[in-house]
Q: 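The structure that follows is given in the form of structure tokens.
A note on names: the letters A, B, ... follow the listed sequences, proteins ahead of strands, and every chain is numbered from 1.
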Amino acid sequence: MGGTFGKGCHLHLIDGSAFIFRAFHALPPLTRKSDGLPIGAVSGFCNMIHKYVQDNAGPDAPTHVAVVFDKGSHTFRNDLYDLYKANRDAMPEDLRPQIPLTREATRAFNIACLEQEGFEADDIIATLTRQAVEAGGRVTIISSDKDLMQLVGNGVEMLDAMKGKRIGVEEVEEKFGVGPDRVVDVQALAGDSVDNIPGAPGIGIKTAALLIQEFGDLETLLDRADEIPQPKRRQTLVEHRTQIELSKRLVTLDSATPLDITLDDLEVREPDPAALMDFLTRMEFRTLTKRIAEGLGVEPPVIADTNPAGAAPSEAADQSATIPFRPEDYECIRDAAALQRWIDAATARGLMAVDTETTGLDEMRCDLVGISLAVEPGRACYIPLGHKIGEGDLFGADVLAEGQMPLDEALALLKPVLQDPAVIKIGQNMKYDAKVLARYGVHVAPIDDTMLMSYAMNAGLHGHGMDALSERYLEHQPIPIKSLLGSGKAQITFDRVPIDEAVKYAAEDADITLRLAQLFKPQLHRARVTTVYETLERPLVPVLAEMEMTGIRVDRDTLSRMSNAFAQKMAALEAEIHDLAGETFNVGSPKQLGEILFDKMSLPGGKKGKTGAYATGADVLEDLAAEGHDLPARVLDWRQLSKLKSTYTDALQDHINPETGRVHTSYVITGAVTGRLASTDPNLQNIPVRTEEGRRIRAAFVADEGKVLVSLDYSQIELRILAHVAGIDALKQAFREGQDIHAMTASEMFDVPMDQMTPEIRRQAKAINFGVIYGISGFGLARNLRIPRGEAQGFIDRYFERFPGIKDYMTETVAFAKANGFVQTLFGRKIHTPEIGAKGPQAGFAQRAAINAPIQGTAADIIRRAMIRMPGVLKGLPAKMLLQVHDELVFEVDKGAETGVIDAVREVMEGAAMPAVKLDVPLVVDAGTGQNWAEAH
DNA sequence: GTACTCACG
DNA sequence: GACGTACGTGAGTACG
């Protein structure tokens, strides 16, 4: 062809991003055999491009062609409207590293590949379309995106490649009710929930089309809005004029995008067989490579099979377990050139395992000592960075050991690859490493986590620590850390470990992590927990890391004053107790207390446990106190103070980080089998709230100057979930009507009209409602309500009579657990129940746990979903998420912004089950604010 | 290291 | 008929 683009030329513009997303979602999560790199979207993309090339070889073949991609997430539209596309879910982690490969694929097919920072693919398409039409040529846009329909006409048409359907002026008119030139007017009015275009509330495409048909165009319509007969419609247009005009600017494509190419650069070119084969071979696409090779008339290259010939896919991953561990092969990285080789290898592969070694277990305070990497099974290295020599003498003469790269230099080299969206960083408990590295200015992304993969597949079956996983799945016992650090008083920190020993230990950890990832990744799909892992586990890591690093401000003085007050009261109580006992003893020793109470004083109710010691729990002491005995009553007071002092007012002070002045808890994602989080070091999920004394401790959790704490919690979420999963119409109805659910239960059970409800009856019903969630038993309810067991059983029988669906749910859940060995939440989380078939008292335990797990777990999934969406919602708002307490989230918010934040957060929390699960009951979130947590809760 | 106790949802 | 049980956690203390 040659020459310039003009009359007779035919330009094809392919919407590349649409191809990618379609490929990603249509295909199962394929991974590259040799290293486990996710590759499904690239494979689908190549198939689609190949099909496109074949389909367009005929007489109407294009003379010019380009694939156009989106680039970056921020465009000029975000400057116009910061909520533009704000409701979009983040790109799936597994897709991210495939994006650059689709560009490579396009070039491998020798097709022009276009993208422009700050502009959407649609704008580039609009610009090229305009240029081509002005030059007198024809254009076909391969896409079905309605946003491109405004370009149709004047020799421009669209082609839906999937349906093989042409979209011309007629089809556009059919869809929008107006011609292509007025499509933007209709879109401006109708808005678009997918792109978060506001439009005019209450006006859809149909109404918008009618209005535009009548008034000619949007501007005329808005100017003459007062002529509209329908009052509501008229009012909407007048009130939302600015918003509608903004919407129009958002939907109008920019046909003047600055491009550094011309139409002539897009001329159709024959693919270079060698380059194309090289790419396909590297991707290890066996079928596609063969098919394309045949089409090109070349010999298909042999794709090295890293597995035994004919190996089944399940065996393929087993190489992780069969390649021997050879610690002597691990490399110690001491200079930039060596490090760069590993970085290049990781970049070429698109993934690597990463592990950090530090001086301690507190990510917020420890120092980085070294980093290990692995790129394939058996191939791992360690980069020592902070190893010291010498004993740390009187002068603290810490000297860096020889042969280590300077920390700054190593991190500068590693930072690009650790932050490279095209390279997945695999870790075992990656939240830890990500937090450490974040303190050194490196923000690791995207990540994969073997601990979380194990948790998604095997919660309830076994632990998810690396040593346990390695022994179980790789049949390899890792070097114990104790062998390097020792234990007890003589324990040293990792920076004191000799480098050669550290290499073997640290590189092995990265090696193990990589092997586990290769083994687990394909198993996720087979275990049907890919969605759980991808939507509930993996994306939670950066969210929690951010929360933990933010921490919450705790006022030391408040705690310290309380501590002193508690100490005085305790001393007084202790004297009184000793006086009553007639001797001094350790009040804190249950053993000594038991002997005083039941041997010396011969009080009734002395029951020995399996260890031969008397039980002295609160329930026992309360019974004694109720009978008028003073000593147990004082002990109860003393115990409460002792608990508050030691666990909270004292211990909490030790957790205030000297640098930040805040307390930084750690959430253990795999801490509870049900999907709940666990909070450790310190546990901020059990700060007192039930007693007045205890609640004062919450007042020590304060907002920074100029800020307030905001707490939002789900109201009775577990009962709502029970109503949904057990399908109890009466309960569902009550929740929909916003009734007092415990009173309603009481009314149903005891035949008491709602207006005659007494607090006592309601309290009993409340206990039953909770009991149901826990897998109710007569004994448990009796103990809780302090009523005879027969009476409690009577309550339960009546409850089941009134709500037979609950009994059915329980029976069915236990049967499911027995048949499958696990139960599931509404979101597909599996909780394994290996004890379900046990005999004896174990059986009851396991059954109640199985009944409770789907309810507790579904609630846990819902708040996880809310938390994962929170960063997107808080963007632009002066608010930070600080804490999660199972059904509560705590935020720190600039004073004055509370209302806006509460509205936004509440919307996310109440809608968190959607769209995956549509509950039959509404989720309701209560909110509070205050200077401290006691006020906010 | 285990048992007991008790703080939370 | 007896047994022993409410579900899920973390942490501090005593004690062997």
Side-chain angles (χ1 to χ4, degrees), chain A residues 459-460 487 585-594 607 609-621 635-636 638-652 654-655 665-668 670-691 693-695 697-698 713-719 722 767-785 789 792 796 810 823 831 839-857 859-860 863 883-888 933 937:
Chain A
S487 65
F585 70 101
N586 184 351
V587 182
S589 163
K591 184 166 170 276
Q592 294 180 32
L593 176 66
K607 257 198 291 187
K610 47 193 158 196
T611 51
Y614 289 113
T616 66
D619 47 350
V620 177
L621 299 189
V635 172
L636 280 170
W638 183 92
R639 280 220 183 130
Q640 197 202 352
L641 293 175
S642 164
K643 177 77 177 177
L644 294 178
K645 182 175 185 297
S646 66
T647 310
Y648 301 106
T649 58
D650 291 350
L652 212 43
D654 300 334
H655 281 286
T665 184
S666 281
Y667 290 101
V668 189
T670 59
V673 287
T674 54
R676 271 197 183 178
L677 302 178
S679 161
T680 67
D681 307 299
N683 181 356
L684 295 188
Q685 290 180 325
N686 71 346
I687 303 301
V689 73
R690 289 173 187 170
T691 65
E693 287 271 70
R695 240 191 320 274
I697 291 170
R698 291 211 170 203
D713 67 292
Y714 284 107
S715 163
Q716 287 158 347
I717 187 168
E718 292 190 353
L719 267 183
L722 175 71
I768 296 167
N769 276 333
F770 275 102
V772 166
I773 292 169
Y774 297 151
I776 200 159
S777 76
F779 182 90
L781 184 64
R783 198 175 66 171
N784 193 283
L785 283 176
R789 195 177 151 174
I796 294 170
M810 292 182 159
V823 291
I831 298 115
K839 297 271 175 270
Q842 301 272 18
F845 247 128
Q847 289 176 10
R848 288 192 298 274
I851 290 165
N852 173 261
I855 301 169
Q856 187 181 117
I863 199 166
L883 300 177
Q884 189 249 42
V885 191
H886 309 310
D887 62 0
E888 174 189 12
W933 196 4
H937 183 74

Q: Under 4.0 angstrom, heavy atoms only, what part of the nucleic acid is A/Ala767 near: base, sugar-phosphate, or nothing?
A: base
Q: Taking only the C1' atom of each, what is the distance from B/dT2 to C/dA6 in whole angstrom?
A: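 About 24 Å, rounded to a whole number of Å.
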Q: Please confirm whether the shortest side-chain N or O distance from A/Asn586 to OP1 or OP2 of C/dA14 is below 4.0 Å.
A: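 Checking A/Asn586 against C/dA14: at least one side-chain N or O falls below 4.0 Å of OP1 or OP2.
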Q: Is a side-chain donor-acceptor pair under 3.5 Å present for A/Arg639 with A/Thr616?
A: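 Yes.
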Q: Can you run through DNA chain C from 5' to 3' and write each base as (, ), [, ], | or . depending on how it pairs? Watson-Crick or G-U wobble, both distances under 3.5 Å.
A: ......|||||||||.
Q: Taking only the side-chain nitrogens and oxygens of A/Arg848, find out if one of them lies under 4.0 Å from OP1 or OP2 of C/dC7.
A: yes
Q: Given B/dT5, C/dT9, C/dT5, identify the nucleotide with an atom nearest to the side chain of A/Pro590.
A: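 It is B/dT5.
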Q: Under 4.0 Å from any atom of DNA chain B, heavy atoms only: list the residues of residues 772-783 of chain A that qualify, in numerical order.
A: A/Tyr774
Q: Could you work out the separation of B/dA3 and C/dT5 based on their P atoms and round it to a whole Å?
A: 14 Å
Q: Compare side-chain N and O positions of A/Thr616 against OP1 and OP2 of B/dT5 and report whether any pair is under 4.0 Å apart.
A: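 Indeed, a polar side-chain atom of A/Thr616 lies that close.
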Q: By nearest nucleotide on DNA chain C, pick out whichever of A/Lys591 and A/Gln856 is the more 5' one.
A: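 Nearest-nucleotide comparison on DNA chain C picks A/Gln856.
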Q: So what does A/Glu718 touch, heavy atoms closer than 4.0 Å: a base, only the sugar-phosphate, or nothing?
A: nothing
Q: Does A/Arg695 use its side chain to pair, donor to acceptor, with the backbone of A/Val689 at less than 3.5 Å?
A: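 At least one qualifying donor-acceptor pair exists.
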Q: Donor-acceptor pair, distance only, cut-off 3.5 Å: does the side chain of A/Arg698 make one with the backbone of A/Ile687?
A: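 Confirmed, A/Arg698 side chain pairs with A/Ile687 backbone.
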Q: Base, sugar-phosphate or nothing for A/Ala618? Non-hydrogen atoms, less than 4.0 Å.
A: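 Sugar-phosphate contact only - A/Ala618 comes under 4.0 Å of backbone atoms but never of a base.
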Q: For A/Val885 and A/Leu684, work out which heavy atoms get closest and say how close.
A: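 For A/Val885 versus A/Leu684, the nearest heavy atoms are CG2-O, 4.1 Å.
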Q: Might you point out which heavy atoms bring A/Ala860 and A/Arg676 nearest each other, and give the distance in Å?
A: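 In this case the closest contact between A/Ala860 and A/Arg676 is CB-N, 3.6 Å.
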Q: With distance as the sole criterion, is a donor-acceptor pair present between the side chains of A/Ser666 and A/Thr680 under 3.5 Å?
A: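 No.
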Q: What's the gap between C/dG4 and B/dA7 when it is taken at their C1' atoms, as a whole Å value?
A: 25 Å
Q: With sequence neighbours excluded, tell me which residues meet ring-ring contact (aromatic ring centres under 6.0 Å, His included) with A/Phe585.
A: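 Result, ring-ring contact (aromatic ring centres under 6.0 Å, His included) vs A/Phe585: A/His578.
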Q: Could you check whether A/Arg695 gets within reach of a base, just the sugar-phosphate, or nothing at all, counting any heavy atom under 4.0 Å?
A: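 No contact.
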Q: Under 3.5 Å, is there any donor-acceptor pair linking the side chain of A/Arg676 to the base of C/dT9?
A: no
Q: Have a look at A/Asp887 and say if it touches a base, only the backbone sugar-phosphate, or nothing, with a 4.0 Å heavy-atom cut-off.
A: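 A/Asp887: backbone/sugar contact only, no base atoms under 4.0 Å.
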Q: What does A/Glu888 touch in the nucleic acid at a heavy-atom separation under 4.0 angstrom: a base, only the sugar-phosphate, or nothing?
A: nothing
Q: If only side-chain N and O atoms of A/Arg690 are considered, is one of them under 4.0 Å from the OP1 or OP2 phosphate oxygen of B/dA7?
A: no
Q: Between C/dA11, C/dT9, C/dC7, which one does the side chain of A/Thr680 approach most closely?
A: C/dA11
